[in-house]
Structures are given as structure tokens and as C-alpha cells.
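Below is one structure, written out as C-alpha cells; the observations come after it.
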Amino acid sequence: MSRQKIGYVAMVVREYDEALTFYTQQLSFTLVEDTPLGDGKRWVLLSPPGAAETCLLLAKASSPEQLNAVGNQTGGRVFLFLHTDDFWRDYPQMQNRGVRFLEAPRQEAYGTVAVFEDLYGNKWDLLELRKTDR
């Protein structure tokens with residue numbers, strides 16, 4: 001039987017360095033790799049704290065079409081789900097680092113959640129799943 005996983009999720013960004021600053025300083029992501037590829041391109045991988053398997057791959061927009069997608073990669077829906085083992089630890093820390101939440105935290109059948117946006121306006125869920133749902 002084969003085993004698969006999602007390794008990287010590509011996100012189109014306006015500029016590498018501004019995105020790196022946001023994700024490392026405001027979301028406390030770890031810079032896994034930043035390798036120049038020539039012609040201004042870079043291979044930039046980031047991972048959330050404690051999560052080494054799935055990384056965010058920053059891809060600098062290289063066309064007008066890609067630039068138009070920055071901040072709206074899912075048509076206004078939540079794009080990514082940042083799971084946490086302690087919502088009430090991470091939520092105030094993220095607020096203190098300037099992360100903009102679009103709503104108050106709420107309790108759902110699946111766990112505690114609040115929507116926030118990144119520096120480009122992409123929507124994310126900060127989500128602590130109920131223990132039975134993990």
C-alpha cells in the first residue's frame with residue numbers, strides 16, 4: 001500500500017521578503033529553505049511551529065494574472081487551516097504580533113476557530129480541533 005501526503009502548498013505572493021517577514025514574525029513560521037534559483041526566483045519554504053511535514057511554498061507572482069490572484073487565491077473563501085494544539089495560547093499571541101482577525105473566536109462542533117487574514121488578504125482559519133476530531 002502506498003503512503004502519500006501533501007508536501008508543499010504554493011502561495012502566490014507579491015514579494016518574497018515582505019511575505020517572509022509576515023510569516024516568520026507574525027505567525028512564527030520557521031524558514032525551512034530560501035534558495036536562489038536565478039532571474040530573481042527563489043525556492044522559499046516555510047513551516048508552522050512544530051510542523052515539518054507540510055510547508056508553505058512562496059511563489060512570487062510573475063505575470064499580471066498571477067499578481068491579480070495575490071490575496072484572493074480561493075475567491076474569497078478560507079484558503080488555509082492553521083491547526084493548533086492550544087487555541088487560547090496562540091490567538092492572543094497572534095493578535096499581539098499584529099495578525100488581523102476578521103471575527104471573534106467561536107466554538108463549533110469540530111472545535112474552536114477564528115478567521116484571520118495574512119498580509120495580502122488571504123483568509124485562514126486558526127483552528128483547534130476537538131480532541132475526538134484530531
Side-chain angles (χ1 to χ4, degrees):
M1 178 173 5
S2 65
R3 180 176 178 257
Q4 298 179 340
K5 66 177 181 175
I6 294 176
Y8 309 139
V9 175
M11 176 183 288
V12 182
V13 299
R14 191 172 39 235
E15 293 291 337
Y16 292 115
D17 291 331
E18 69 183 6
L20 270 169
T21 297
F22 176 82
Y23 288 105
T24 59
Q25 292 182 10
Q26 291 186 272
L27 296 186
S28 297
F29 279 30
T30 300
L31 177 60
V32 175
E33 184 175 351
D34 186 354
T35 303
L37 300 175
D39 295 327
K41 291 185 180 181
R42 292 156 57 181
W43 183 260
V44 181
L45 294 174
L46 300 165
S47 68
E53 285 201 6
T54 302
C55 291
L56 193 60
L57 171 67
L58 302 183
K60 184 177 175 183
S62 62
S63 70
E65 180 181 52
Q66 290 177 10
L67 197 54
N68 286 336
V70 171
N72 191 24
Q73 297 186 58
T74 58
R77 295 187 58 107
V78 170
F79 177 41
L80 295 167
F81 298 79
L82 183 59
H83 287 195
T84 177
D85 62 350
D86 188 341
F87 182 93
W88 295 108
R89 175 198 62 216
D90 294 342
Y91 175 74
Q93 288 177 355
M94 290 170 69
Q95 282 185 307
N96 290 338
R97 290 191 301 265
V99 174
R100 184 174 167 305
F101 281 85
L102 303 178
E103 63 181 23
R106 66 184 193 279
Q107 199 63 42
E108 297 289 348
Y110 53 84
T112 306
V113 63
V115 176
F116 69 93
E117 64 182 12
D118 66 16
L119 76 161
Y120 299 115
N122 291 303
K123 293 179 183 172
W124 292 62
D125 271 1
L126 176 63
L127 173 60
E128 181 181 354
L129 292 171
R130 285 182 351 157
K131 297 213 185 310
T132 58
D133 293 334
R134 289 185 188 172

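Just the heavy atoms: all of them, side chains too, but no hydrogens, waters or symmetry mates, feed the values below.
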> Would you call the rings of Tyr23 and Phe29 parallel, tilted or perpendicular, where under 30° means parallel and over 60° means perpendicular?
Replying inline: tilted
> How many angstroms lie between CG in Leu127 and CD in Glu108, if you round to the nearest 0.5 Å?
Replying inline: 9.5 Å
>> Under the criterion side chain to side chain contact (heavy atoms under 4.5 Å, CB included), I'd like the reasoning laid out for Val32 against Tyr8: C-alpha separation, chi angles, the key distance, then a yes or no.
In response: CA-CA 12 Å; Val32 175; Tyr8 309 139; over 6 Å; no
> By salt bridge (charged side-chain N to carboxylate O under 4.0 Å, His left out), which residues pair with Arg97, not counting sequence neighbours?
Replying inline: none
>> Aromatic contact between Tyr120 and Phe22, with the criterion being ring centroids under 6.0 Å apart: yes or no?
In response: no
> Roughly how far, to the nearest 0.5 Å, is the CG atom of Leu45 from the OG1 atom of Thr54?
Replying inline: 11.5 Å
> What closest approach, in Å, do Leu58 and Ala19 show between heavy atoms, and which atom pair accounts for it?
Replying inline: CD1-CB, 3.7 Å
> When rounded to the nearest 0.5 angstrom, what distance separates CH2 in Trp43 from OH in Tyr16?
Replying inline: 10.0 Å
> Do you know the tightest heavy-atom contact between Asn122 and Met11?
Replying inline: ND2-SD, 3.9 Å
> Closest heavy-atom contact between Gly121 and Glu117?
Replying inline: CA-OE1, 3.9 Å
> Roughly how far, to the nearest 0.5 Å, is NZ of Lys123 from CG of Asn72?
Replying inline: 8.5 Å
> Are Val115 and Leu27 co-members of a hydrophobic cluster defined by side-chain heavy atoms under 4.5 Å apart?
Replying inline: no
>> On a heavy-atom basis, which atom in Ala61 and which in Val12 lie closest, and how many Å separate them?
In response: CB-CG1, 3.6 Å
>> Testing the basics here: between Pro49 and Ser28, what is the closest heavy-atom pair and its distance to 0.1 Å?
In response: CG-O, 3.3 Å
>> Using 0.5 Å steps for rounding, measure from the CG atom of Asp125 to the CZ atom of Phe116.
In response: 8.5 Å
>> Ignoring hydrogens and geometry beyond distance, is a side-chain donor-acceptor pair present between Gln66 and Ser62 at under 3.5 Å?
In response: yes
> Looking at side-chain heavy atoms only, is the closest gap between Lys60 and Val44 below 4.5 Å?
Replying inline: no
> Got more than 12 heavy atoms from elsewhere within 6.0 Å of CD1, Ile6?
Replying inline: no
> From Leu20 CG over to Glu15 CD, what is the distance, rounded to the nearest 0.5 angstrom?
Replying inline: 11.0 Å
>> Applying salt bridge (charged side-chain N to carboxylate O under 4.0 Å, His left out) as the test, list every pair that has at least one member in residues 19-40; sequence neighbours left out.
In response: Asp34-Arg42
>> Check the orientation of Tyr91 and Phe87. Use parallel for under 30°, tilted for 30 to 60°, and perpendicular for over 60°.
In response: parallel
> Out of Gln107, Glu128, Arg106, which one pairs with Thr112 under the side chain to side chain donor-acceptor pair (under 3.5 Å) rule?
Replying inline: Gln107
> Which pairs pass salt bridge (charged side-chain N to carboxylate O under 4.0 Å, His left out) with one or both residues in residues 64-79, sequence neighbours excluded?
Replying inline: none
>> side chain to side chain contact (heavy atoms under 4.5 Å, CB included), that's the test. Do Leu80 and Thr74 meet it? Break it down for me.
In response: CA-CA 10 Å; Leu80 295 167; Thr74 58; over 6 Å; no
